[in-house]
Amino acid sequence: MFSRVNFNKHRVREIHGGEVRPRGPVIYWMSRDQRVSDNWALIYAKLKANELNVPLRVVFTLAPAFPGANLRHYDFMLKGLAEVERSLVDDGIPFNLLRGEPAEQIWEFSERVEASLIVSDFDPLWVKRDWKSQLNQRTSIPHHEVDAHNVVPCWYASPKLEFGAYTLRPKIKKVLSSFLTDYPEVTLRNKSESNPHHTRWHDALVWLNASDEVKPVKDFEPGEKAARKALDDFITNRLRGYAEKRNDPTLDGQSNLSPFLHFGQLSAQRVAIEVLKAPAPEADKEALLEELIVRRELADNFCYYNPGYSRFAGFPDWAKETHRIHRFDVREYLYTLNEFEIAHTHDPLWNAAQLQMVNTGKMHGYMRMYWAKKILEWTTCPEEAMRFAIYLNDKYSLDGRDPNGYTGIAWSIGGVHDRAWPERPIFGKIRYMNFEGCRRKFDVEKYIKMNLG
Ligand code: FAD
Ligand code: FO1
């Protein structure tokens with residue numbers, strides 16, 4: 001069965017034992033990869049259901065309080081999931097939205113339907129790993145995990161924490177051709193005839209009682225179809241010139257795909273396949289693929305193999321040492337979390353970046369580095385800087401609560417995946433960025449006007 005379909009077996013691993021035997025349905029517990037097309041976890045679950053000659057069911061567990069999530073995120077996510085449900089039901093696959101503690105919900109559901117196998121999608125973050133270990137301590141049903149997010153599965157790309165892009169890149173390049181393949185079509189044999197109940201999505205949003213302090217975004221339409229449209233628009237209009245435009249915050253030079261990639265409404269592998277086919281300069285394609293495959297997978301590597309990914313403890317030793325030496329350097333400016341949050345600092349460029357994130361849900365990638373590094377400079381210590389940066393990024397960024405975010409912030413404040421630079425106050429040997437440096441790179445006044453109005 002598997003041999004006929006091009007499914008690389010390194011994409012899946014057994015995270016809970018017990019023999020898979022044909023009883024009730026196979027369950028795909030969808031979480032990180034919230035899409036029907038281009039989803040290796042769904043493909044694997046279909047293949048197993050066909051092999052066992054049992055039906056397939058897809059469930060999503062709505063956690064009551066996902067860390068840092070509010071109405072902005074839930075509005076985007078639930079609309080995307082409603083589209084997933086429609087596509088699955090059209091394909092004869094029942095979908096259930098379960099509400100409550102995920103491990104408990106999955107345990108009860110899988111016991112009730114006497115599941116033959118549980119399939120989940122890989123996520124390196126603690127919140128998900130805790131859910132899965134709680135489930136695996138209780139259930140006797142085998143549980144297989146598929147990395148549907150990375151082109152090269154995280155555990156296969158490297159068995160250990162990587163120092164930087166320069167150490168992971170060759171490992172990925174070596175095996176990329178056996179993973180960057182097109183997605184096979186798999187037809188489920190045992191489709192469900194009955195048209196199962198439809199989720200009451202509005203009730204789910206009310207049940208979440210999510211804070212509406214942060215309003216839903218206007219510039220991003222949620223869901224798989226909109227994500228694919230955004231990809232096609234990027235390839236048609238912004239791939240050419242991406243290499244040099246992507247770092248200018250006054251230009252619309254980025255792909256704007258991160259919210260869709262974060263919620264799994266778009267497959268990074270699909271992006272790579274379509275970009276490689278596109279009639280655009282090699283330099284632009286290479287630049288995009290470096291970010292999309294190497295940088296993004298480096299972030300999963302960092303979060304998966306470094307338990308302290310969101311804390312000072314996760315910094316490399318040289319960075320901890322340099323922060324120790326400069327811990328009590330005088331700070332010329334100090335701001336509270338609230339002053340940062342309402343963009344009340346002395347620096348109009350920083351304020352513009354903060355307001356871009358608050359108002360649109362997405363800060364330009366180049367400004368994210370400057371934004372986080374200034375938080376290091378204007379807080380009492382690097383631990384407080386980490387807390388503030390993560391709190392604000394997770395609260396306002398549509399693509400927040402993501403391995404890319406924790407890694408990007410640790411890179412900015414703790415030198416993760418970076419090297420030591422000439423020593424200076426407060427930063428020590430952490431790479432420094434300042435207003436003058438930005439002025440040399442782009443028209444700062446224009447960016448400030450764009451975002452401060
Ligand atoms: P593009 O430049 O078009 O890149 C395409 C894709 O490549 C991105 O969607 C992303 O998946 C990947 N990518 C690009 N740059 C990086 C990077 N530096 N690290 C990892 N992957 C990358 N990214 C998030 O997805 N969520 C976050 O919360 C987040 N927070 C960040 C915080 C800081 C302090 C820093 C320095 C970076 C952060 N990033 C985050 C990484 C990067 O800035 C964003 O992925 C990128 O700006 C998203 O916009 P885009 O999709 O238009 O990017
Ligand atoms: N995943 C879930 O399985 N259940 C949730 O209720 C849930 C809420 C949520 C809210 C905001 C957000 O940014 C992500 C959320 N996710 C949820 C996880 C998401 O699917 C991603 O897997 C991770 O955040 C990225 O690793």
Side-chain angles (χ1 to χ4, degrees), residues 1-2 7 9-36 39-67 81 84-85 88 93-149 153-156 186 188-190 192 196-197 199 204 207 264 300 303-304 307:
M1 172 62 74
F2 276 63
F7 178 91
K9 63 180 183 348
H10 295 298
R11 292 190 195 281
V12 60
R13 60 182 184 172
E14 178 181 274
I15 57 171
H16 186 59
E19 88 283 358
V20 181
R21 57 187 186 287
R23 302 191 320 173
V26 168
I27 293 177
Y28 167 28
W29 174 16
M30 177 184 277
S31 177
R32 193 178 192 197
D33 295 281
Q34 302 166 22
R35 64 180 179 278
V36 172
N39 184 333
W40 288 116
L42 181 58
I43 288 167
Y44 178 74
K46 282 183 179 176
L47 289 169
K48 292 304 283 184
N50 286 348
E51 190 183 281
L52 294 165
N53 196 19
V54 298
L56 167 64
R57 302 194 66 151
V58 175
V59 297
F60 185 91
T61 50
L62 197 54
F66 198 81
L81 287 170
V84 162
E85 178 179 51
L88 287 170
I93 302 172
F95 173 90
N96 287 78
L97 182 77
L98 307 178
R99 302 179 197 171
E101 283 313 317
E104 175 74 22
Q105 293 298 313
I106 293 292
W107 182 79
E108 276 173 13
F109 185 86
S110 55
E111 289 298 313
R112 181 155 46 85
V113 303
E114 293 189 306
S116 304
L117 168 69
I118 296 166
V119 175
S120 64
D121 45 42
F122 169 73
D123 191 323
L125 299 186
W126 277 120
V127 56
K128 304 293 192 67
R129 295 166 76 171
D130 288 347
W131 293 353
K132 293 186 184 181
S133 59
Q134 287 164 37
L135 170 69
N136 293 342
Q137 277 154 30
R138 263 186 96 173
T139 185
S140 59
I141 300 168
H143 182 175
H144 295 181
E145 183 180 60
V146 177
D147 186 344
H149 211 73
C154 184
W155 52 73
Y156 191 78
V186 176
L188 183 67
R189 188 180 311 141
N190 298 283
S192 87
H197 80 284
T199 304
W207 174 80
D300 264 32
C303 293
Y304 184 55

* Out of curiosity, Ile106 CD1 to Thr61 OG1, how far, rounded to the nearest 0.5 Å? -> 5.0 Å

* Ser120 and side-chain contact (heavy atoms from CB on, under 4.5 Å): which partner among Met30, Arg32, Lys132? -> Lys132

* Residue pairs passing the side chain to side chain donor-acceptor pair (under 3.5 Å) test where at least one lies in residues 101-117, sequence neighbours excluded -> Glu104-Arg138

* Could you grab the distance from atom CH2 of Trp207 to atom CZ of Arg99, nearest 0.5 Å is fine? => 6.5 Å

* If the plane angle is over 60° it's perpendicular, under 30° parallel, otherwise tilted; pick one for Trp29 and Trp131. => parallel

* To do: Decide yes or no for Leu135 and Ile118: does some side-chain heavy atom of the first lie under 4.5 Å from some side-chain heavy atom of the second?
  => yes

* To do: To the nearest 0.5 Å, tell me how far Asp147 CG sits from Asp33 CG.
  => 7.5 Å

* Ring geometry between His144 and Tyr44 (parallel below 30°, tilted from 30 to 60°, perpendicular above 60°) -> tilted

* Decide yes or no for Leu88 and Leu42: does some side-chain heavy atom of the first lie under 4.5 Å from some side-chain heavy atom of the second? => yes

* Asked: Can you list the residues that meet the side-chain hydrogen bond (donor to acceptor under 3.5 Å, both in side chains) rule with Asp121, with sequence neighbours excluded?
  -> Tyr28

* Asked: So which heavy atom on Pro67 is nearest to which on Val127, and how close?
  -> CD-CG2, 4.3 Å

* Asked: Which residues pass the side-chain hydrogen bond (donor to acceptor under 3.5 Å, both in side chains) test with Ser31, sequence neighbours left out?
  -> Lys128

* Asked: When Glu145 is tested against each of Glu14, Arg13, His16 for side-chain contact (heavy atoms from CB on, under 4.5 Å), which residue passes?
  -> Arg13

* Answer yes or no: is there a side-chain heavy-atom contact under 4.5 Å between His149 and Asp123? => no

* Start with the C-alpha gap between Arg11 and Phe122, add the side-chain angles, then the distance that decides, and say whether side-chain contact (heavy atoms from CB on, under 4.5 Å) holds. => CA-CA 10 Å; Arg11 292 190 195 281; Phe122 169 73; over 6 Å; no

* **Atom pair CG (Leu62) and CG (Leu81), whose distance is rounded to the nearest 0.5 Å** => 8.0 Å

* Asked: After noting the C-alpha distance and the side-chain angles of Phe60 and Glu85, does the key distance pass the side-chain contact (heavy atoms from CB on, under 4.5 Å) rule?
  -> CA-CA 10 Å; Phe60 185 91; Glu85 178 179 51; over 6 Å; no

